[in-house]
2 protein chains.
Amino acid sequence: MAKYHEIYEDLKGKIEEKEYAAGTYLPSENELMKIYESSRDTIRKSLELLASSGYIQKEKRKGSLVLDVGLISFPVSGLTSFKELEQSSHRYHSKTEVASFLYQHPDSRIQKKLNMDPEGYAFSIKRVREIDGERIILDEDHINAAVIPGLTEEIAADSIYEYIENELKLPIAFARKEITVVRASEEDQRLLDMKGYDLLVCVKSYNFLEDATLFCYTVSKHRPDKFRFVEFSRREKER
Amino acid sequence: MAKYHEIYEDLKGKIEEKEYAAGTYLPSENELMKIYESSRDTIRKSLELLASSGYIQKEKRKGSLVLDVGLISFPVSGLTSFKELEQSSHRYHSKTEVASFLYQHPDSRIQKKLNMDPEGYAFSIKRVREIDGERIILDEDHINAAVIPGLTEEIAADSIYEYIENELKLPIAFARKEITVVRASEEDQRLLDMKGYDLLVCVKSYNFLEDATLFCYTVSKHRPDKFRFVEFSRREKER
DNA sequence: AAGTGGTCTAGACCACCGA
DNA sequence: CGGTGGTCTAGACCACTTT
């Protein structure tokens, strides 16, 4: 791991452990240079990471103010798979059920979204996520089989992301997501415990590998009362 | 404006104008150094900005691949005020109506959210956003009067953000946002054209100045069929 | 072998704040 | 006036890809 990344992790840990308390300042860049025995640039890279993830606020001529991370708590932002979410938040009894698993030429709409040839194959997988006995999320993944081969129902029941990253060693790099609200279809109603709701929060996501290959298009529908998305954002300067 | 920021803007513009087409590579860092007559570090800072906002994907030992920005199109992400949104997206006939404007000691819930003394004053403002003749967004701002003085109903009808940044010269720096779905209250139903919906998308936002002062807590409720949020996110490496 | 991006270092100047 | 963070430069080595 790169040095600046180690320093970032170290500082992040110390902020989370309140070794550096919210409202106080981190040691100055000069002092950090000595503490970590590295150059200013390396220190600054670490601080930039901390700032962009909301741990500190840099104030000119004053220092790096530690922010109150208590409020962050539950970052669903970024690229997080269900399994990771499940592990990080302490949810009880979550379960994944594969509702359907197809390996086929996808319809033209999906072909287009995945930039595929008409002859190409794709996996089309529907999975129901059950949390605390309630079926509240329906995930629909369309995965280009030319990029991600060898998927099975067993893998889908566990974690597709884990398979891609750990088995195939393919680095997942970035995604474009869109959040809207849609009316629940009859199928949605059948597969999920809708508890009287007729709307679902719909998260559409285009997922890319490091070489910018689009490998997966996902539609994830959430029962409205169980959906929560949090974000930390900085205002762009100098517009 | 800083040099690296200028280069960023220049490259961004050229990507948007398709001078650098999606799928091709930018000139290498070495070439960019010559083009912009600057050091490698400066170039790299610009490229980092482009990468983090989704314009390029850096590939080791290959170059900076230009991504298809067509898909980004409508970035509601980040810290965008309604007025800016209105100006950037070409919406017709949008209008803001101030439904209520109070200057008072806020109730204890709001006091707590804004970290205020019990003796402190706050502005509590409700605004209805009308787009194409439909009243679809209800904004509720609570603003610490000790930090942001002198607000009036006229300013609220225009743009509070503009007042803060341009009149008071206070730099708005970052926010924490949370998106959930809530049931519409009776008041919501009265103030908005609900078109049969009984749910609203609720965006809660804590807004901070550059010195990390929390100056504003906003609850923005959107009619579900008119809500859309898009995000570009990168997966964290090395966890 | 040449070129790429990733990382790290050392040093410089600036504007501004607070003592 | 000393210390701070913001910016910029010049140079170095690495691992790897492409030719």
Side-chain angles (χ1 to χ4, degrees), chain A residues 1-11 20 23-52 55-67 169-171 173-174 209-213 234-238, chain B residues 1-11 20 23-52 55-67 169-171 173-174 209-213 234-238:
Chain A
M1 189 155 57
K3 200 166 172 183
Y4 75 91
H5 203 280
E6 276 177 22
I7 299 174
Y8 162 69
E9 292 288 353
D10 192 60
L11 288 172
Y20 292 124
T24 66
Y25 288 88
L26 290 185
S28 77
E29 297 182 353
N30 244 309
E31 290 170 299
L32 289 172
M33 282 170 67
K34 290 169 201 157
I35 294 174
Y36 290 102
E37 287 180 322
S38 53
S39 74
R40 177 137 175 255
D41 241 44
T42 303
I43 295 296
R44 283 180 61 76
K45 265 192 207 160
S46 319
L47 295 181
E48 221 161 85
L49 282 182
L50 285 174
S52 75
Y55 282 89
I56 62 170
Q57 171 71 2
K58 306 203 73 174
E59 296 178 10
K60 272 182 220 178
R61 283 145 242 123
K62 297 184 85 177
S64 300
L65 183 63
V66 178
L67 298 179
K169 308 280 185 206
L170 293 172
F174 61 95
L209 299 178
E210 216 162 65
D211 64 358
T213 315
R234 289 187 178 275
R235 187 163 177 82
E236 267 189 54
K237 290 175 276 185
E238 325 189 59
Chain B
M1 191 157 52
K3 201 167 174 183
Y4 75 92
H5 204 279
E6 276 177 21
I7 299 174
Y8 161 69
E9 293 286 354
D10 191 60
L11 289 172
Y20 293 124
T24 66
Y25 288 88
L26 290 185
S28 76
E29 296 181 352
N30 242 309
E31 290 170 297
L32 289 172
M33 281 170 67
K34 290 169 201 156
I35 294 173
Y36 290 103
E37 288 179 320
S38 53
S39 73
R40 178 136 175 257
D41 241 44
T42 304
I43 296 295
R44 283 179 62 75
K45 264 191 210 162
S46 319
L47 295 181
E48 221 160 84
L49 282 181
L50 285 174
S52 74
Y55 282 88
I56 62 170
Q57 171 71 4
K58 307 203 73 174
E59 297 178 9
K60 272 182 218 178
R61 287 148 236 121
K62 296 183 82 176
S64 300
L65 182 64
V66 178
L67 299 179
K169 309 279 186 208
L170 293 173
F174 62 95
L209 298 177
E210 216 163 65
D211 64 357
T213 315
R234 289 188 178 275
R235 186 162 177 82
E236 267 190 54
K237 290 176 278 185
E238 324 189 58

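Here is the naming used below: chain letters follow the sequence lines, and residue numbers restart at 1 for every chain. Remember, predicted model here, so these are calculated numbers, not experimental data.
- Taking atom CG of residue B:Leu50 and atom P of nucleotide C:dG5, one finds them 13 Å apart after rounding to whole Å.
- The CG atom of A:Asp211 sits 16 Å away from the C1' atom of C:dT4 (whole-angstrom rounding).
- Atom CG of B:Leu65 is separated from atom P of C:dT4 by 16 Å (rounded to the nearest Å).
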Stepwise side chain to side chain contact (heavy atoms under 4.5 Å, CB included) check, B:Phe174 with A:Leu67: CA-CA 11 Å; B:Phe174 62 95; A:Leu67 298 179; 3.6 Å; yes
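- The CD1-C1' distance, from B:Ile43 to D:dC8, rounds to 12 Å in whole Å.
- The interatomic distance linking B:Asp41 (CG) with C:dG11 (C1') rounds to 13 Å, in whole Å.
- B:Thr42 is linked by a side-chain hydrogen bond (donor to acceptor under 3.5 Å, both in side chains) to B:Ser39, counting only residues two or more places apart in sequence or in another chain.
- Sorted by residue number, the members of residues 26-36 of chain B with any non-hydrogen atom under 4.0 Å from DNA chain C read B:Ser28, B:Glu29, B:Asn30.
- For A:Tyr8, the ring-ring contact (aromatic ring centres under 6.0 Å, His included) partners at least two apart in sequence or on another chain are A:His5.
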List the steps and the verdict of side chain to side chain contact (heavy atoms under 4.5 Å, CB included) for B:Leu11 and B:Leu47. CA-CA 9 Å; B:Leu11 289 172; B:Leu47 295 181; 4.1 Å; yes
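- For B:Ser52, the side-chain hydrogen bond (donor to acceptor under 3.5 Å, both in side chains) criterion is met by no residue, not counting sequence neighbours.
- Between A:Arg44 and D:dG6, a side-chain N or O to OP1/OP2 separation shorter than 4.0 Å is present.
- For the OP1/OP2 pair of C:dT7 and a distance below 4.0 Å, the side-chain nitrogens and oxygens of A:Tyr4 include at least one atom meeting the criterion.
- Between the CE atom of B:Met1 and the C1' atom of D:dC8 there is a distance of 16 Å, rounded to whole Å.
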Pairs: protein N or O with nucleotides 13-19 of chain D N or O, under 3.5 Å:
{"from": "D:dC16", "atom 1": "O4'", "to": "B:Arg61", "atom 2": "NE", "distance (Å)": "3.3"}

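- Residue B:Lys58 has a polar side-chain atom (N or O) positioned under 4.0 Å from OP1 or OP2 of C:dG6.
- The distance from atom CD of A:Glu59 to atom P of D:dG6 is 10 Å, rounded to the nearest whole Å.
- The listed nucleotides are D:dC8, C:dG6, D:dG6; the one nearest the side chain of B:Ser39 is D:dC8.
- Partners of B:Lys62 by side chain to side chain contact (heavy atoms under 4.5 Å, CB included), not counting sequence neighbours, listed by chain and number: B:Tyr25, B:Glu59.
- When rounded to the nearest whole Å, the span between CD of B:Gln57 and C1' of C:dG5 equals 12 Å.
- The side-chain hydrogen bond (donor to acceptor under 3.5 Å, both in side chains) search around B:Thr213 returns B:Asp211, not counting sequence neighbours.
- Annotation: side-chain hydrogen bond (donor to acceptor under 3.5 Å, both in side chains) contacts of A:Glu29 (sequence neighbours excluded): A:Arg40, A:Arg44, A:Lys58.
- Phosphate contact (OP1/OP2 of D:dT7, side-chain N/O of B:Thr42, threshold under 4.0 Å): absent.
- Residues passing the side chain to side chain contact (heavy atoms under 4.5 Å, CB included) test with A:Arg61: none are found, sequence neighbours excluded.
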